[in-house]
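Worksheet: one structure, shown below.
Reckoned from all heavy atoms, side chains included, excluding hydrogens, waters and symmetry mates. Remember, it's a predicted structure, so these values are computed and weren't measured experimentally.
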Amino acid sequence: MRTAEKVIISTAVTGSVNVPSQSDALPVGPDDIVAAAIEAAHAGSAIIHLHARHDDGRPAWETEVWERIVPPILDEVDVVLNLSTGGSSQMTMDQRLAGAYRFSPELASMNMGTMNFVYSGIADRVRSWKHDWEEPYVRGTYSAPFINTFDRIEHTLRELGEKGGTRFEFECYDIGHLYSLAYFVDKGLVTAPLMIQGVFGILGGIGAHHENLDHMVAIADKLFGDDYQFSAFAAGRDQMQFATHSAWLGGHVRVGLEDSLWIGKGRLADSNAQQVAKIRAVVEDLGKPIATPDDARQMLGLKGLAGVTR
Ligand code: KMH
Ligand code: ZN
């Protein structure tokens, strides 16, 4: 791993996993998402990872919805936008790529393998639903694979990466995903500096045990040496511990309500910015400076805001 001299805080402000009935703080609808992104950037987040949602919180892919999100954020703050290509497991591949095609962002997510990605357990915890779409949506993940085949990965690398200059946050949910990434490096489709995001605690992926994080870094070191920057997060209650562990090892951190609705044991977070402030204080206590958006651009080899289609 290339040890981070400054720590990049990424914030995944809304995602497509959690649903409005779980927390009033979850940004739903474009205006909420914009406000959350701006607030998180002001709190010190250099990168904002975005999914789109309709006003009732349903995951969205339509360009018109993305257009209500991306330009208003960039009009207001200097921040690196990382657009999801994972979308939700119920979208087609073209739908998943629609926002990134439209804006050619500095960064986009890249999910490194087809897998089970199950969050039907949410349905067992919600007492009353705000919207009819939520329960069938989360229960559906029990039988729906999250498709990320090699041809799809290659297609996205070529269309967004080679043609558009977008670089990727490689989301690795298991050690095997590192080997898949190494295949694309060998093929010349992925070049250093890589941004590897270790994802822990998704049902269907590697669990949120700290030994797994150490092992992921050990294997990534073997495969990529110094050619990669590392970041990690755990979904749910272990989010802050995993972010702290990543920073401690010399990596970056990701927080946000996409992956965890919590700020402490049994306490729902009020906002994304609250999570940013919390991890920022931890990182600064470790004696590490926080990266600005320009620091992140330099460390990750990004094309800069001028390369984003507005
Ligand atoms: N919420 C993460 C576990 C993507 O956007 O491409 C999955 C994610 C995927 O962030
Ligand atoms: Zn995401």
Side-chain angles (χ1 to χ4, degrees), residues 11-40 43 45 48-70 72-73 83-84 86-92 95-96 98-99 109 116-146 199 201-204 233-240 254-278:
T11 310
V13 291
T14 189
S16 63
V17 170
N18 290 323
V19 294
S21 297
Q22 291 175 273
S23 167
D24 292 337
L26 183 71
V28 288
D31 298 345
D32 262 14
I33 294 169
V34 169
I38 292 169
E39 217 195 339
S45 185
I48 303 291
H49 172 64
L50 287 171
H51 291 240
R53 289 188 190 254
H54 294 284
D55 287 311
D56 67 353
R58 263 177 312 124
W61 56 267
E62 294 82 349
T63 311
E64 311 84 78
V65 182
W66 279 108
E67 283 174 345
R68 288 177 57 198
I69 297 173
V70 171
I73 297 172
L83 267 52
S84 175
S88 90
S89 53
Q90 295 173 22
M91 293 176 189
T92 66
Q95 290 171 346
R96 286 166 51 177
S109 61
N116 292 309
F117 192 131
V118 179
Y119 42 98
S120 53
I122 291 172
D124 303 328
R125 296 191 293 275
V126 169
R127 295 274 162 269
S128 78
W129 297 98
K130 287 183 183 164
H131 304 285
D132 289 346
W133 65 266
E134 295 172 275
E135 185 174 3
Y137 175 74
V138 297
R139 288 205 190 279
T141 62
Y142 203 70
S143 49
F146 184 34
V199 183
I202 297 293
L203 188 54
F233 68 89
R237 70 195 63 190
D238 299 308
Q239 181 190 55
M240 288 293 164
R254 168 166 150 171
V255 292
L257 300 184
E258 168 166 345
D259 303 307
S260 170
L261 296 167
W262 305 99
I263 193 70
K265 198 168 164 38
R267 281 188 302 134
L268 287 171
D270 296 331
S271 66
N272 282 279
Q274 188 188 23
Q275 292 184 340
V276 174
K278 180 164 179 168

Treating Gln239 as the side-chain partner and Asp259 as the backbone partner, does any N or O pair qualify as donor plus acceptor under 3.5 Å? no
Do you know the tightest heavy-atom contact between Val65 and Ala52? CG1-CB, 4.0 Å
Can you confirm whether the side chains of Ser16 and Ser88 place a donor and an acceptor under 3.5 Å from each other? no
Reported NZ-to-CD1 distance for the pair Lys278 and Ile263, which is rounded to 0.5 angstrom: 5.0 Å
With a 3.5 Å distance limit and no angle check, can you tell me whether Ser45 reaches the backbone of Ile48 through a side-chain donor-acceptor pair? no
Between the side chain of Gln274 and the main-chain N/O of Asp270, is any donor-acceptor distance below 3.5 Å? yes
Taking the side chain from Thr14 and the backbone from Pro27, do they hold a donor-acceptor pair closer than 3.5 Å? yes
Check the side chains of Glu135 and Trp129 for a donor-acceptor pair under 3.5 angstrom, ignoring hydrogens and angles. yes
How about Asp132: does its CG atom have over 12 heavy atoms from other parts shown lying under 6.0 Å from it? no
Output yes when a side-chain donor or acceptor of Gln22 lies under 3.5 Å from a complementary backbone atom of Val19, and no otherwise. yes
dist Leu261:CG -> Ile122:CD1 (nearest 0.5 Å) comes out at 8.0 Å
I'd like to check Leu257 versus Asn18 (side-chain heavy atoms, cut-off strictly below 4.5 Å). Are they in contact? no
Counting distance only, does the side-chain N/O of Thr11 pair as donor-acceptor with the main-chain N or O of Gly256 below 3.5 Å? no
Using only atom types and a distance under 3.5 Å, with no angle test, would you say the side chain of Gln275 pairs donor to acceptor with the backbone of Trp262? yes
For Asn272 and Ala36, indicate whether the former's side chain and the latter's backbone hold a donor-acceptor pair under 3.5 Å. no
What's the shortest heavy-atom distance between Pro59 and His54, and which atoms? O-CD2, 3.8 Å
Could you tell me whether Arg139 atom CZ has more than 12 heavy atoms of other residues or ligands within 6.0 Å of it? yes
